[in-house]
Colleague: 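Attaching a single structure in structure tokens format; questions to follow.
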Amino acid sequence: MAADLLLGEQPAPVTLLIAIPIAAAVFVVLAQSCARLAPLKRWLYAASVGLIAGAVVSAWWAVGALNASKTLDGRAASSLEFVVQGDPSIYDDVYSYTCEARSDGKNLATVRLSCDREFKVGAHVRVIGRVSRFENDAYGRSRVLRGELRKVKVIRLASVDEGSPGPLLRLRNGLLASIAPATDPARALIAGVVCGRSAELRSQPAGDWFSVTGTAHLIAVSGSHLAIVGYVIEGVLQKTRCSRGLQRAILAITLVGYAAFTGASPSAVRACCMVFATLVVNGAGRRRHGASALFVTMSIFVLLRPTVLFEMGFQLSCASVFAILCFCPYATYALGELGVPTGIAGMLSVTLCSQLATLPITIPAFGTFSLIAPLANAVIGPVVSLLLAVSIVLVPFSLVAPLQAWALVVPMIAARCALFFEQLFAAVPGASVSVPPDSIWIYLVPCLLVALLVWWPRPRARPMAVGLACLVLLAAIPYIYWDRFAPPSVTVLDVGQADAILVRQGGAVALVDCGLDERVVSALVRNNVHHIDAVFVTHWDEDHWGGLPDVLDQFSVGTIVVAADALDGAPAEVLNRPGVAYRQVACGDTVDIGAFRTRVMWPFDTVDGEGNEDSLVLLLSYAQEGKSLRVLLTGDAELDQEREFVQEVGDIDVLKLGHHGSKVSVDTDLLGTLKPELSIASAGEGNRYGHPSDACIDAVKEAGGAFACTIEQGDIIVSPTVTGFAMRCQRP
């Protein structure tokens, strides 16, 4: 309710709050008066206490958040001091930080600060900028629910004071400076594994490999990291003459220190609390119980900071650990019955249990499911564990000047080995498939797996194999559908200030231009692309071919198509690729993409492909089963070129505006001839060119057509229908 108010939405009726004490009272009455529920008496009391406690701490946070929001109203950014609370997230060279906003030494609220400069944790920053509310979208709601009440965009830095960090923070900053994670993917991986800082790795192409292979959890500091650190520390302690109790105390303090050292992420603190609880229970001579430790830890988290419930790291950590505790031993036994060796069965069961349990969290957030995750985790997991073990021993020596040259040699070897396997598995066709976020399968598959394990108390190879084969078949249905039976569509992909248009029908897939960088790969993955038959490069501006090397690395590509004689000017990165054919087309040539007939409308003569005027212009025509669609793709062509062929093109349904919707891309006369019902611009938010221009937008609206842009709508999908065409957008 507080989040709705902060985002300008109408909150739920306050009367709904009455349901909480009523439910708690009902539980207490049932526990006291119903004899049949006597065995559940403790559970009912616990539920009532939990409801009341949760309501109290949530209300306490809501009141605090609303009061803090009021104190920020009307305040200028220059009147506040911002204290950096954690590592940044990096996107397009913009650093975003969670900060405490202070005034006169008093904390006012938590905010999200965006800047083009990196700050250290604990830095005190004064800026000139804009303080504004979050938009009421998925991102804005997620930030507010995490307790960030405003966003601050830095226009100019006034001052930066690094402050006086504590010893752990000084050690961490020193190690990060010696590792230099921004200089090399292997160093970024070491920083992520040892120091818990993964921003640099996630901002590089190597970060996508971990997402595709389902191994991103290997970077996050969690229970496995603490187990390895604990194993190393315990090995050292056993060489001493300390008592067992003192060893446990030192181990607990060390693990707490390591969790704080790595940034105290929810997964690290959760794991640390569970380890601490286990040590206490063992020391007291009591029987340990993993599920109890997990739920006690979760309760403490929520009571201390209720917004942790909305942090994905906390959700993933708790769901995966709960699934591992409940089902991992049984899954290991079931896999053993299928003939899988014990060691491999253990690793596979951990991966399968955690991956399937977190489906309802990961798929709505990312829209993908990694099919190769079990194999990738089985191979890469031990390598990352070895990397962590050697790094925590050797990396600290990098702070000693004479030893700095060789301290990272062994960790770098292990990190490069891990990245080699990551790239290898990520390049496998179909390693990751897209799943609609609202798909019922993200809830059905985990339930089916639970049923499979529970209802066969003594699994045998044959029934288990049949059940697993059914699950694999269910998981493969989306892959088969998109790979062979995709409906006809033309999708203008959101790849920033660049062009990339996906054309597909059935098993035929073509890409017209490839964007500027690796973002085109992410766009293709989220649109369920597994192979590409042809890539058309309209001309050799980098925002049209820059992502082609990444596409060639990640997908099987059949043919690269360019304008006549433009191949001579092709960049070296895209030439001489094994298995790729190269074709040059001239005006009037046609290329079929499934049921789409693609006709080259421009250029009339041979070109070198260097300038906008050399852009390949394609007319897509679809006519099948009573459905039809005509789409004109213009690259960076402008009015001078478009007037040459517009009469021959005639009436169309959809126009992809030339040159990202610049002011010279169209005029009313051109639109009057083409008569597009929809005009689409592909542009990046905040681009320095001002694309799409107001003149272009006004011309489209004056001509009576609809206008759409990837800045607002994200991916824009156009599909033929019996009555015309339908448009769907990534962001409604």
Colleague: Is Glu200 salt-bridged to Arg197, cutoff N-O under 4.0 Å?
Modeller: yes
Colleague: Taking all atoms of both residues into account, what is the closest heavy-atom pair of Leu108 and Ala68, and its distance?
Modeller: O-CB, 3.1 Å
Colleague: Does some side-chain heavy atom of Leu7 sit less than 4.5 Å from a side-chain heavy atom of Arg133?
Modeller: no
Colleague: Write down the atom of Cys318, the atom of Leu294, and the distance for their closest heavy-atom approach.
Modeller: O-CD2, 3.9 Å
Colleague: Using 0.5 Å steps for rounding, measure from the CD1 atom of Ile22 to the CZ atom of Phe27.
Modeller: 12.5 Å
Colleague: For Ser132 and Arg150, test the side chains for any donor-to-acceptor distance below 3.5 angstrom and give the result as yes or no.
Modeller: no
Colleague: Would you say Val296 and Ile300 make side-chain contact, with heavy atoms under 4.5 Å?
Modeller: yes
Colleague: Evaluate the side-chain contact (heavy atoms from CB on, under 4.5 Å) criterion for residues Ile253 and Tyr258: first the C-alpha distance (whole Å), next the side-chain angles of each, then the deciding distance (0.1 Å), finally the verdict.
Modeller: CA-CA 9 Å; Ile253 293 171; Tyr258 182 70; over 6 Å; no
Colleague: In plain terms, say whether Glu311 and Arg305 are close enough for a salt bridge, that is, a side-chain N and a carboxylate O under 4.0 Å apart.
Modeller: yes
Colleague: Ion pair present between Glu135 and Arg143, side-chain N to carboxylate O less than 4.0 angstrom?
Modeller: no
Colleague: Below 4.0 angstrom, N of the basic side chain to O of the carboxylate: do Lys120 and Asp87 qualify?
Modeller: no
Colleague: Can you check whether Phe295's main-chain N or O pairs, donor with acceptor, with Ser299's side chain at less than 3.5 Å?
Modeller: yes
Colleague: Testing the basics here: between Ile361 and Leu316, what is the closest heavy-atom pair and its distance to 0.1 Å?
Modeller: CG2-CD2, 3.7 Å
Colleague: Around atom CD of Glu685, are there more than 12 heavy atoms of other residues, nucleotides or ligands at under 6.0 Å?
Modeller: no
Colleague: To the closest 0.5 Å, what do you measure between CZ (Phe327) and SG (Cys353)?
Modeller: 7.5 Å
Colleague: Donor-acceptor check, side chain of Ser682 to backbone of Ala498, threshold 3.5 angstrom: yes or no?
Modeller: yes
Colleague: Salt bridge or not between Arg141 and Asp4? Use side-chain N to carboxylate O under 4.0 Å.
Modeller: yes
Colleague: Rounded to the nearest 0.5 Å, how far apart are CD of Gln315 and OG1 of Thr362?
Modeller: 11.0 Å
Colleague: Are Arg75 and Leu80 side-chain neighbours, meaning at least one heavy-atom pair lies under 4.5 Å?
Modeller: yes
Colleague: Tell me whether Gln730 contacts the main-chain N or O of Asp715 through its side chain, where contact means a donor paired with an acceptor under 3.5 Å.
Modeller: yes
Colleague: Measure across Tyr45 and Val28 and return the closest heavy-atom pair with its distance rounded to 0.1 Å.
Modeller: CE2-CG1, 4.0 Å
Colleague: Which atoms form the tightest heavy-atom contact between Ser103 and Ser79, and what is the distance?
Modeller: OG-O, 4.2 Å
Colleague: So that I can tick it off, tell me whether Asp517 and Arg519 are bridged by a salt bridge, with the cut-off set at under 4.0 angstrom between side-chain N and carboxylate O.
Modeller: yes
Colleague: Could you tell me if the side chain of Ile716 sits less than 4.5 Å from the side chain of Met727, heavy atoms only?
Modeller: yes
Colleague: Less than 4.5 Å apart, side chain to side chain, heavy atoms only: is that true for Leu113 and Val154?
Modeller: yes
Colleague: Please round to the nearest 0.5 Å and tell me the distance separating atom OG of Ser693 and atom NE2 of His660.
Modeller: 12.5 Å
Colleague: State whether the number of non-hydrogen atoms from other residues, nucleotides or ligands found under 6.0 Å of Asp73 atom CG is greater than 12.
Modeller: yes
Colleague: So, Gln355 versus Ser370: side-chain donor-acceptor pair below 3.5 Å or not?
Modeller: no
Colleague: Does Leu201 form a side-chain contact (heavy atoms from CB on, under 4.5 Å) with Ile219? I'd like the steps, not just the answer.
Modeller: CA-CA 9 Å; Leu201 183 63; Ile219 312 170; 3.3 Å; yes
Colleague: Is the shortest side-chain heavy-atom distance between Val83 and Gln85 below 4.5 Å?
Modeller: yes
Colleague: Evaluate Arg112 against Ser89 for side chain to side chain donor-acceptor pair (under 3.5 Å), listing each step before the verdict.
Modeller: CA-CA 11 Å; Arg112 192 72 174 173; Ser89 59; 3.0 Å; yes
Colleague: Are the side chain of Asn687 and the backbone of Tyr689 linked by a donor-acceptor contact shorter than 3.5 Å?
Modeller: yes
Colleague: Quick check for you: to the nearest 0.5 Å, what is the distance between Glu81 atom CD and Asp104 atom CG?
Modeller: 10.0 Å
Colleague: Apply side-chain contact (heavy atoms from CB on, under 4.5 Å) to residues His124 and Val160 and explain how you reach the verdict.
Modeller: CA-CA 6 Å; His124 294 242; Val160 179; over 6 Å; no
Colleague: Does the side-chain contact (heavy atoms from CB on, under 4.5 Å) test come out yes or no for Val121 and Arg172, once each step is laid out?
Modeller: CA-CA 10 Å; Val121 178; Arg172 186 173 190 258; 4.1 Å; yes
Colleague: Under 4.0 Å between a Lys/Arg side-chain N and an Asp/Glu carboxylate O for Lys153 and Asp116?
Modeller: no
Colleague: Can you give me the closest heavy-atom contact between Pro306 and Val57, atom names plus distance?
Modeller: CG-O, 3.7 Å
Colleague: Counting C-beta onward and ignoring hydrogens, is there a side-chain heavy-atom pair between Glu148 and Phe134 closer than 4.5 Å?
Modeller: yes
Colleague: Students often mix this up, so state it plainly: with edges at 30° and 60°, are the rings of Tyr97 and Phe119 parallel, tilted or perpendicular?
Modeller: tilted
Colleague: Under a 3.5 Å distance rule, please check whether Arg202 uses its side chain to pair with a backbone N or O of Ile90 as donor and acceptor.
Modeller: no
Colleague: Are any of the side-chain heavy atoms of Leu493 and Thr710 separated by less than 4.5 Å?
Modeller: no
Colleague: Can you tell me how far apart CG (Leu524) and OG (Ser522) are? Round to the nearest 0.5 Å.
Modeller: 9.0 Å
